[in-house]
Amino acid sequence: MPALSSRAWDLSYWAAVFGTAVLTLVAVISALTHPMLGQPDQCMYLSMADLLLAGRLPYVDCFDNNPPLIIYLSVIPMVVAKLTALPATLAFALCVHVLAAVSAVLSFWLLRSTRGKVSGLLICLSVLVFAWFNAFQEMDLGQREHIFTLAVFPYLLLRFLRYRIEPDLSDSGKVGAISACFTGLLAGVGISLKHYFLIIVLMVELACFLRRPCGRPLLQMEVAACLAAITLYLLHFLFLPPPMLSGFFGFVLPIYARGYDYYTNSFLFNLATYWRPDFLQLGIVSLLALFLAAASFEITGLLSLFLTFAWSSALVFFLAGQAWQYHLLPVRLGTCLSLSAGAGLLLACLLRKQEKYFSLVFVLVCMTIACHSALTLQQRLQSEEEQHERFDMAFLGHKGTCFDYEVSPAVATIIANTRKTDTVLFISTAMAPGYPSMIQTERRPGSRFIHAMPLVVLDYVVTSKSGFDRPRFQKMEEQVLSWYGEDIAGFKPRLIFIQLSPMAGVLQKLNFQKRFLGAYELIGEDFGMQIWRRKD
Amino acid sequence: MSSSSVAGRPLRQIKKEQRPAVVLAFVVVLFQSAFALNLSPTTAYQLSAAAAVLNGAVPFVSFYFDELPTQIMVRLPEVLLSRLWQYWPGGNCGAPLALSHYLLTLVYQFFVFAFCLRIWRRSSGRAGGRPLLYLLALLGAQLPFVFQLGCVQHLVFLGLVPLVFWGAVSESGEAEPLSSGRRQDFALALLTASAAASLSLPCLPLPFLIVSAQASLLARPSLFAWGGLAFSMVLLLLFGGFQLMPPSCASELTQWILTLRGSVYKVENMMVFGIGTSPDRRDFIYCLTASLLLAFGSGRERLGMIPLAVVAVWGFLVYTVSYSGLSDFLVLGYMSALVLLFCGSFCFVEMLTRVFPRLFVAVKRERRSLVPWLVLLLLWFGAVAMPVRGSLMLTSQIRDEGAGALADCGYIDLRRAIEENSAPGERVFLLNGRLAPACPELLLSGRQHFSYFLSGEPLGLVSNLVRQKVDGLWLARHSQFVKETDELLAGRLRVDLENDPPVCLLVEGGEMEDYLTDHGFRKWLVDRYELKGFARYISPCLAPREFCDWNWDYNIYCLKSRKGRP
């Protein structure tokens with residue numbers, strides 16, 4: 001590794017910081033110029049948060065199949081939206097980008113302790129690449145996997161610094177207790193989003209430990225803070241209202257435990273169809289890393305950390321068994337970071353005797369990434385201006401305009417047939433188009449079931465499974481139907497959208513339309529849905 | 001150097017050190033022998049091709065074949081050996097082929113093992129207990145793959161083992177130049193690896209990759225040159241072989257077979273969606289992840305672990321690209337990952353006993369060195385459990401379904417359907433659009449295969465392209481390529497069916513029944529055959545009965561009059 005003077009190091013460090021700042025700005029501008037852009041799952045969480053703020057209890061007055069932490073976190077952008085009169089989708093995007101910025105700033109703050117070390121600069125490069133990865137997230141922006149990576153990234157870097165795996169990090173400076181504590185807390189929140197994430201963090205910890213087996217790094221502040229955050233979250237279940245506990249553990253969990261495979265695919269499908277390029281990239285990057293490790297094992301600590309992150313994320317992806325794109329996000333990030341770490345290593349090795357050139361090339365790389373990203377955004381905005389119409393957000397009660405494609409197709413129907421105080425009901429196995437249109441139109445759901453996944457999974461369990469307590473699940477199915485009936489009678493949703501396939505068939509079989517839609521007329525079919533409107 | 005000592009150590013001492021490996025080798029052989037009467041789908045496919053060649057058929061012309069001809073060549077001795085058994089009573093069934101395959105694979109394993117022992121004896125002796133650990137790990141990694149014994153990837157893995165082992169027992173600071181014995185071993189190991197790699201196109205670069213990694217690890221650039229030379233020689237030989245091929249073979253290959261085969265890499269097949277339509281081998285990913293974690297952390301053992309990790313990752317890439325789903329295609333990656341897992345776990349636990357002795361306060365100090373061996377033993381038991389579990393699940397499922405609702409509805413197991421509706425040696429055609437279960441069910445039941453189609457896989461491949469309305473341009477051919485290939489294959493099927501009708505035709509409902517209807521076979525079928533019943537391929541989709549399909553039920557058609565055959 002080249003030796004670096006403090007001046008060269010500082011120049012490179014601040015170039016990485018500047019590049020990250022530019023990327024954050026790119027992300028924020030992208031969000032501001034697309035204020036209505038929202039994704040189905042994320043908008044569904046926002047809706048749950050909105051209902052929570054309105055006093056409705058999750059798993060009692062509104063049902064989702066996920067644990068509650070994501071609902072709690074989604075309260076933050078909803079509060080921001082209410083306070084600032086921004087569209088909820090924009091508030092959400094901005095909150096995620098703020099989290100990304102906090103994560104990057106925290107990472108750079110931690111890396112101050114590596115001043116003068118080339119390994120520290122290579123980690124700075126990884127932070128820049130991390131910021132680049134986040135800046136162009138759109139479909140998966142704010143998904144639980146994304147929030148996990150944002151929350152846990154500084155923690156992983158700190159663990160790497162604690163173990164001091166790279167040779168020239170052996171005498172790194174200390175990290176302050178407050179920053180370590182904050183890092184740990186943030187990571188704990190991220191890990192608590194899904195139990196699988198703990199596997200990823202533990203495997204990365206093991207990878208660091210293998211390289212440098214010593215117990216002292218395990219006794220650091222951030223580990224305690226992380227464990228404390230996870231423990232607090234688990235303990236909070238004890239203080240939840242009993243109906244909420246029984247709704248989650250007694251109703252939602254059993255349904256999804258039994259019917260989990262409704263949404264899963266075969267191993268081969270998950271590996272070798274849509275996501276085959278991702279796993280091929282992971283394999284090729286791993287091969288390159290192995291050859292680098294063969295050439296010089298000692299300096300590949302960072303590379304091995306990111307590859308372990310990528311592979312353990314792949315393990316979790318296959319363990320979960322579902323082929324959703326956002327499940328793959330940590331794998332993609334890990335592959336990206338591994339590639340950047342490997343490229344940085346090669347650069348450092350090639351220029352090991354040329355401190356001046358190393359610093360120059362480093363700065364150039366940072367500037368190139370930043371400028372290219374800014375240019376990409378500029379070109380995108382330009383082409384969107386040429387290809388898309390503008391939509392006046394006054395129709396949705398907001399100032400300004402957005403591009404027409406940002407607005408969900410169901411919005412026009414909802415606006416045309418309902419008022420702001422009306423409720424709307426989507427009965428669909430998919431989130432879209434119900435979400436984001438419900439959030440964009442600021443309508444509340446006309447049932448405690450904001451989507452129909454519980455019903456369709458129950459129907460699947462009752463009709464397709466064997467060797468279990470069928471009467472119990474049949475009773476649950478009947479309960480869900482009767483709740484739908486109560487809600488339709490109580491909330492009187494102005495519009496009811498029923499997914500054509502498979503939902504319409506499932507409901508027909510359960511006599512849903514006959515039992516509960518007497519007061520409704522079918523006004524049309526669009527975007528794969530039957531549209532029922534209340535007659536009165 | 002006297003014959004009674006090698007590298008300054010007495011031969012007797014070396015042999016004593018090798019004893020545990022020899023004992024485990026016997027245990028592995030015994031375990032494998034319990035599963036000797038099985039054949040994996042790809043092995044059965046290659047054996048069928050080899051049998052056809054020995055009967056005078058020409059590959060690619062007389063029968064559809066879409067792999068390297070070396071895969072047929074390697075099976076010829078097995079088929080020849082099996083023909084000796086036919087003179088025995090009851091020899092006209094599938095057991096002789098399976099046994100011959102098992103015996104010759106055993107011989108190959110013995111050669112590899114003996115070669116590794118020789119490499120060990122000629123090593124510098126400063127590797128400590130490493131050679132024993134690697135050999136035990138290599139042997140232990142054979143245990144879960146008894147149903148894929150001797151498949152191409154297994155043969156490739158075995159062929160690479162001496163080369164990997166040679167590097168694993170080397171020393172970074174080993175004297176230059178190497179002793180003549182060590183050079184000889186390297187050359188022979190490289191030759192063995194290259195010969196094994198020539199069995200599979202995706203595996204060709206592996207010896208070169210391994211040697212490149214070793215060149216970096218051992219700081220011996222000359223190894224890199226040798227690896228490049230071996231790779232180039234193999235490529236030249238294969239290319240030369242292709243040039244010497246009869247023009248009719250080359251023409252079939254280049255005009256449509258290679259393109260059809262290559263379509264797998266470009267066009268997805270909806271048949272593998274959904275739970276249960278292909279073997280659930282997530283355990284491969286879990287093992288690979290754990291083993292790579294250990295490999296990247298293995299500072300002291302990187303001489304062996306990094307080349308193994310290269311093989312494991314390459315095997316993963318091959319499996320991902322092959323889109324086959326059968327376990328035959330993950331043997332290379334999985335076996336390497338298992339060896340890594342065994343070695344890495346051993347080293348990890350051994351390190352814990354050294355660095356954190358307080359964790360083992362309950363274990364006496366003099367016995368702490370046994371703790372890593374205990375962990376290794378537990379891992380081996382886990383490895384043994386996999387094929388045992390698969391066998392038990394299958395046996396129980398066949399028993400339960402055979403006696404239950406399935407039997408009440410008139411369904412029987414596919415193997416039973418074959419055996420009840422035909423005699424050994426008679427022609428049977430099992431049409432399901434995939435390699436399995438025609439391979440190996442027909443071979444194991446001792447029935448003759450159909451002439452052009454050793455399995456229905458090419459029909460399944462072309463059906464997928466037709467169903468998805470793939471334009472030939474997408475496959476880098478002319479626009480009508482798919483339509484023409486579909487007509488070509490349908491024509492060949494028609495010729496085979498009409499010239500020599502099989503006594504029993506098992507057609508999978510769904511895709512293949514539609515194929516027969518769409519291509520005008522329905523009337524011919526109804527005229528010559530009667531529907532006798534229905535069969536199901538009862539399987540938990542684990543070895544020894546893997547499949548990659550929706551596993552529709554089979555319609556059993558029997559020839560109305562056996563006198564109708566010429």
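Naming convention: chains lettered A, B, ... in sequence-line order (proteins, then strands); numbering from 1 in each chain.
Residue Pro307(B): no heavy atom, backbone or side chain, is found under 4.5 Å from chain A. For chain A, the nearby parts of Leu294(B) are the backbone and the side chain; heavy atoms of each come within less than 4.5 Å. For chain A, the nearby part of Val264(B) is the backbone; its heavy atoms alone come within less than 4.5 Å. With a threshold of 4.5 angstrom between heavy atoms, Val355(B) approaches chain A through side-chain atoms but not through N, CA, C or O. Within the 4.5 angstrom heavy-atom criterion, only side-chain atoms of Leu307(A), from C-beta onward, approach chain B. Heavy-atom distances place no part of Leu303(B) under 4.5 Å from chain A, backbone and side chain included. Within the 4.5 angstrom heavy-atom criterion, only side-chain atoms of Leu292(B), from C-beta onward, approach chain A. Using a 4.5 Å cut-off between heavy atoms, Ala310(A) makes no contact with chain B at all.
Of the residues considered (Ala295(B), Ala215(B), Ala309(B)), Ala309(B) shows the highest number of contacts with chain A, using heavy-atom pairs under 4.5 Å. Interface remark: of the candidates Ala295(A), Cys214(A), Ala272(A), Ala272(A) forms the most heavy-atom pairs closer than 4.5 Å to chain B. With respect to chain B, the highest number of heavy-atom pairs below 4.5 Å among Cys208(A), Ala314(A), Ala294(A) belongs to Ala294(A).
Other residues, nucleotides and ligands contribute at most 12 non-hydrogen atoms within 6.0 Å of the CZ atom of Phe224(B).
Taking the six-membered ring for Trp and thresholds of 30 and 60 degrees, Phe209(A) and Phe348(B) have ring planes more than 60 degrees apart, a perpendicular arrangement.
Under the side chain to side chain contact (heavy atoms under 4.5 Å, CB included) criterion, Leu202(A) pairs with Leu198(A), not counting sequence neighbours.
Interatomic distance, Leu271(A) CG to Phe284(B) CZ, rounded to the nearest 0.5 Å: 8.5 Å. With rounding to the nearest 0.5 angstrom, the CG atom of Leu293(B) is 13.5 Å from the CZ atom of Phe309(A). Atom CZ of Phe297(A) is separated from atom CD1 of Ile306(B) by 6.0 Å, given to the nearest 0.5 angstrom. Between atom CG of residue Leu288(B) and atom CG of residue Leu315(A) there is a gap of 9.5 Å, rounded to the nearest 0.5 Å.
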Enumerate, by atom name, each donor-acceptor pair separated by under 3.5 Å where one atom lies in chain B and the other in chain A.
from	atom 1	to	atom 2	distance (Å)
Tyr265(B)	O	Arg276(A)	NH2	2.8
Val272(B)	O	Ser266(A)	OG	2.7
Arg282(B)	NH1	Phe318(A)	O	3.0
Arg282(B)	NH1	Leu319(A)	O	3.2
Phe296(B)	O	Arg211(A)	NE	3.1
Phe296(B)	O	Arg211(A)	NH2	3.2
Val321(B)	O	Arg276(A)	NH1	3.2

Exercise for review: Give the C-alpha distance, both sets of side-chain angles, the deciding distance and a yes or no for side-chain contact (heavy atoms from CB on, under 4.5 Å) between Phe316(B) and Leu287(A).
Suggested key: CA-CA 11 Å; Phe316(B) 166 76; Leu287(A) 275 179; over 6 Å; no
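Taking the side chain as every heavy atom from C-beta outward, Phe296(B) and Leu290(A) approach each other to under 4.5 Å.
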